[in-house]
Amino acid sequence: MTAVIIDGKGFAERLRGRIGTLAAQFEEQAGRKAGLAVVLVGEDPASQVYVRGKHRATVGAGMESFEHRLAADTSQADLLALVERLNADDAVDGILVQLPLPDHLDEQAVIAAIAPEKDVDGFHVINAGRLATGGTGFVPCTPYGCIMLLRDRLGDLSGMDAVVIGRSNIVGKPMAQLLLGENCTVTIAHSRTKDLPAVVGRADIVVAAVGRPEMVKGEWLKDGATVIDVGINRVAASEEGKTRLVGDVDFGGASERAGAITPVPGGVGPMTIAVLLRNTLVSAFRREGLELDESAL
Ligand code: GUN
């Protein structure tokens, strides 16, 4: 079997188009643009690339982007004071503090300081709790993007066997909750899982989010499985001095076995920013008490 390539980039572009239309509608009704504040502490190169991408996409969708770049030695108190200011700022509908933070800062305390109704990352314990208990909070962007791609590809996911490899708070755990919400039978695998190939081999849906280049092998997969590769790993290319991006799945091997697979790059990555814009717009409509047909997103 040669797998269908799941075009996350194209899906995300179409989603951003719909968001742009609704952002214009919001501006007309509210008399202001929806606003996203992004906080970057320090100069981590990967984080700088992500933050630039978020800024561009936010402005491109017709929303306001408030960027706050702080020095690497910013104190916890100063960062918390900025979060408090953003919580109180009516022009700000969404707040995102780019992770990871420098080591001297307490990530959990910073996330806890973000007003849950502006937590468009869905990282606050209140939003994590709502996801776990079936409420309507904000859902972390990457897992939600994966669910959108899965629903688009497979339709109803009820009864399917799903394996999530990785148990991070940002991807693995919320991903498992979302798949459970779709009535999948969910297994969460991790570094201590015994016989990972056997666990993966039973799955109709495999979500790989471990951060280890090409760890999941094609021969592990059940024939026709749908594979969502969340990994973005930079590795040395065959040409000297060059690098390339690979996922957590051995794409070549997997595409001979899977029914469908997301590529890296161009699969899950573009969905993350699109869902961030979606969450920001949902927040803006909610905060202004305006009606939004969320199914249009
Ligand atoms: N760092 C890597 N991914 C993310 C994300 O989705 N949100 C935030 N805030 N930081 C990240």
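Source: prediction; values computed, not measured. Counting starts at 1 for both ligands and their atoms, in listed order.
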Please tell me if atom 3 (N) of ligand 1 is touched by the protein, where touching means a protein heavy-atom distance below 4.0 Å.
no

Next on the checklist: Strictly distance-based, threshold 3.5 Å: is any side-chain N or O of H190 a donor or acceptor partner for the main-chain N or O of G166?
Outcome noted: no

Smallest heavy-atom separation, A274 atom then L15 atom, equals CB-CD2, 3.7 Å

Contact region, L96 to ligand 1, non-hydrogen atoms below 4.0 Å, reads side chain

Review point. If you count the non-hydrogen atoms of other residues, nucleotides and ligands that lie under 6.0 Å from CD in E256, is the total more than 12?
Key: no

Test of proximity, Q98 against ligand 1: N or O pairs below 3.5 Å:
yes

- Message: Could you check whether R32 pairs with D93 (Lys NZ or Arg NE/NH1/NH2 to Asp/Glu carboxylate O, under 4.0 Å)?
- Response: yes

*Is the shortest N/O to N/O distance between D121 and ligand 1 below 3.5 Å?*
yes

Residues V92 and A37: closest non-hydrogen pair is CG1-CB, 3.9 Å

Going by the 4.0 angstrom heavy-atom rule, the piece of V97 near ligand 1 is backbone

Under 4.0 Å between heavy atoms, the region of F123 that gets near ligand 1 turns out to be side chain

Do the charged groups of R278 and E294 touch, with an N to O distance under 4.0 Å? yes

query: Would you say L99 and ligand 1 have an N/O pair spaced under 3.5 Å apart?
result: yes

